[in-house]
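Below you'll find the structure, written out as structure tokens, and then a few comments.
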Protein chains: 2
Amino acid sequence: MTPKAKKTDLTTEQKIIHAARKLFTMKGYEATKTRDIAKEAGINLALLNYYFRSKEKLFEIIMQENVGQFMQVISDMVNNENTSINEKIELLVNNYIDMLTRLPDMPLFVMNHLKSTPQRTEMRERFMGSYFMKQIQQAMKKGEITTINPMNIMMNIVSLTIFPFIAKPMVQNNHSLSSEQFYNLMQERKKLIPKWIDAMLKSK
Amino acid sequence: MTPKAKKTDLTTEQKIIHAARKLFTMKGYEATKTRDIAKEAGINLALLNYYFRSKEKLFEIIMQENVGQFMQVISDMVNNENTSINEKIELLVNNYIDMLTRLPDMPLFVMNHLKSTPQRTEMRERFMGSYFMKQIQQAMKKGEITTINPMNIMMNIVSLTIFPFIAKPMVQNNHSLSSEQFYNLMQERKKLIPKWIDAMLKSK
DNA sequence: GTCTATAATTCGATAGAC
DNA sequence: GTCTATCGAATTATAGAC
């Protein structure tokens, strides 16, 4: 047996987490039934409560895991003191598009939760006090970029990167756009979004 | 009595629709209970089923109403033969921001539904065969705008306009950004988004 | 049309055997 | 740790009186 466990070698706890992650992110909290999680995990309903006391506790674990990953990409970007503005934007766009290609349900899942139960993410504070923010202000002062509310810069980068994954079912239905075409479109945007942001920052 | 009915003068059917619209868009299908709708409407639970046979039928009415409004803004824009490219963009951004200011829950509500039950919206076909599309292709041929996949243009306009409302709970928590500040930011974007799109279309 | 009462089902959670 | 069986609450929907 290799040290790397096969899928069937997962512990019961891991099997439940895997099943819960799949169903919660796919269908949301209310629409996901504990019976379905148990079935998907190949175990019994009672065992789910034995390991995780309640549906809500299990959900919180999955949600924090998702919120964490989601926020991490932004934190990594805005606090990096070794990259230029343009490099930061490229890094964030690349990381998000790669992540959301693997986990396309994540953004809607996270946004739904933040709406119903606002968290202390303090996105705005984190951004306003970040190294990225300082770089922007310096570039503005030097006249290298146009005068602009920094919130708009961050909002635009994230909008252009994430929204297409949220709107995917709208543009890509009935095979009008194949999965492969959508994938290619997103890969193409990795290079285009930084260029567009650059054009925006230099517009008068 | 004026011909315009007061809120308390609504028919029972209207009272139920109003309550259902509020709760469904706010909390989604599963989390909304028929009892709560009845309570919100000030009527009895049995009466809800008397008028609308089932929870699902009632939901479909509310959902189609929302999807319709959502799509209408795009249809109005891409099929208008009397406006320039820039005027079209300004119109769409203005209409969406005004609509979502009134109905901030709409985008998440609609996106959640389209994901779970893909509709025959054929957004891509409608766009690809539209008058707006023809204008873009002409402008590209004349070299007035840069060479770009038209899907990206539409995707960017909609992303920049709608995503901030979806991400609202993330940027605006714990009074870090007041409702008024958020409102002002969105109003400001009415003028900025068309400028940014313009810069994007002229970038090399 | 509107109500009260309740049927029928579903769901989260637990008891208790192994 | 894992299972079967079941409880108790919640929820959608309906029956039947007025």
Side-chain angles (χ1 to χ4, degrees), chain A residues 1 5-66 105 109 112-113 115-117, chain B residues 1 5-66 105 109 112-113 115-117:
Chain A
M1 188 59 67
K6 292 192 305 181
K7 184 152 196 177
T8 48
D9 290 336
L10 294 175
T11 66
T12 301
E13 197 174 341
Q14 289 171 325
K15 281 192 274 189
I16 297 172
I17 287 278
H18 278 43
R21 184 185 297 128
K22 174 177 173 181
L23 296 183
F24 276 137
T25 53
M26 212 162 61
K27 313 201 295 179
Y29 180 78
E30 305 278 354
T32 299
K33 309 305 174 187
T34 52
R35 278 172 171 76
D36 296 334
I37 298 177
K39 195 175 185 180
E40 174 77 26
I43 53 102
N44 189 274
L45 171 59
L47 213 49
L48 187 148
N49 286 78
Y50 173 77
Y51 278 99
F52 301 94
R53 236 184 70 78
S54 73
K55 179 184 179 182
E56 204 180 336
K57 296 261 187 202
L58 180 53
F59 179 79
E60 279 307 319
I61 292 171
I62 304 299
M63 182 51 77
Q64 285 314 314
E65 183 187 286
N66 277 270
D105 293 332
F109 182 62
N112 277 320
H113 183 247
K115 183 191 151 203
S116 57
T117 58
Chain B
M1 188 61 67
K6 292 192 305 182
K7 185 154 197 178
T8 49
D9 291 337
L10 294 175
T11 66
T12 301
E13 197 173 340
Q14 289 171 324
K15 282 192 275 189
I16 297 172
I17 287 277
H18 278 42
R21 185 184 297 128
K22 174 177 172 182
L23 296 184
F24 276 137
T25 53
M26 213 163 60
K27 314 201 293 179
Y29 180 78
E30 305 278 352
T32 299
K33 309 304 174 188
T34 51
R35 274 174 173 72
D36 297 334
I37 297 177
K39 195 175 186 179
E40 175 78 24
I43 53 102
N44 188 273
L45 171 60
L47 213 48
L48 188 148
N49 286 80
Y50 173 77
Y51 279 99
F52 304 92
R53 239 184 67 78
S54 73
K55 179 184 179 181
E56 204 179 338
K57 297 262 187 200
L58 180 53
F59 179 79
E60 278 307 318
I61 293 172
I62 304 298
M63 182 51 78
Q64 284 316 313
E65 183 187 284
N66 276 270
D105 293 332
F109 182 61
N112 277 321
H113 183 247
K115 183 191 149 203
S116 57
T117 59

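Of the candidate nucleotides C:dC3, C:dT14, D:dT2, D:dT2 has the atom lying nearest to any side-chain atom of A:Tyr50. The side chain of A:Ala46 lies closest to C:dA15 when the candidates are C:dG12, C:dA15, C:dC3. In the set C:dT14, C:dT4, D:dC3, the nucleotide with an atom closest to the side chain of A:Ile43 is D:dC3.
Between the CZ atom of B:Phe52 and the C1' atom of D:dA13 there is a distance of 16 Å, rounded to whole Å. Here the C1' atom of nucleotide D:dA10 and the CZ atom of A:Arg35 are 13 Å apart, to the nearest Å. One atom, CZ of B:Phe59, and another, P of D:dA13, lie 14 Å apart when rounded to the nearest Å. In this structure, A:Leu58 atom CG and C:dA13 atom P are separated by 10 Å, rounded to whole Å. Nucleotide C:dC11 holds its P atom 10 Å from the NZ atom of B:Lys33, rounded to whole Å. C:dT14 atom P lies 12 Å from atom NZ of A:Lys57, rounded to whole Å. Separating the CG atom of A:Leu47 from the C1' atom of C:dA15 is a distance of 15 Å, rounded to the nearest angstrom. Distance, B:Lys55 NZ to C:dT10 C1': 12 Å, rounded to whole Å.
Phosphate contact (OP1/OP2 of D:dT2, side-chain N/O of A:Asn44, threshold under 4.0 Å): absent. In terms of phosphate contacts, B:Thr12 brings a side-chain nitrogen or oxygen within less than 4.0 Å of OP1 or OP2 of C:dT2. Look at B:Thr34 and you won't find any side-chain N or O under 4.0 angstrom from OP1 or OP2 of D:dT11.
Side-chain contact between A:His113 and A:Thr117 is present, with heavy atoms from C-beta onward closer than 4.5 Å.
A:Leu45 comes within 4.0 angstrom of a nucleotide base, judged by non-hydrogen atoms across all strands. Counting any heavy atom pair closer than 4.0 Å across all strands shown, B:Thr11 reaches no nucleic acid atom.
Other residues, nucleotides and ligands contribute at most 12 non-hydrogen atoms within 6.0 Å of the NZ atom of A:Lys22.
Geometrically, B:Lys55 engages B:Tyr29 in a cation-pi contact defined by less than 6.0 Å to the ring centre and at most 45° from the axis.
Between B:Thr11 and the options B:Glu13, B:Gln14, B:Lys15, a side chain to side chain donor-acceptor pair (under 3.5 Å) holds for only B:Gln14.
Taking CG from A:Leu58 and CD1 from A:Ile37, the interatomic distance works out to 5.0 Å, rounded to the nearest 0.5 Å.
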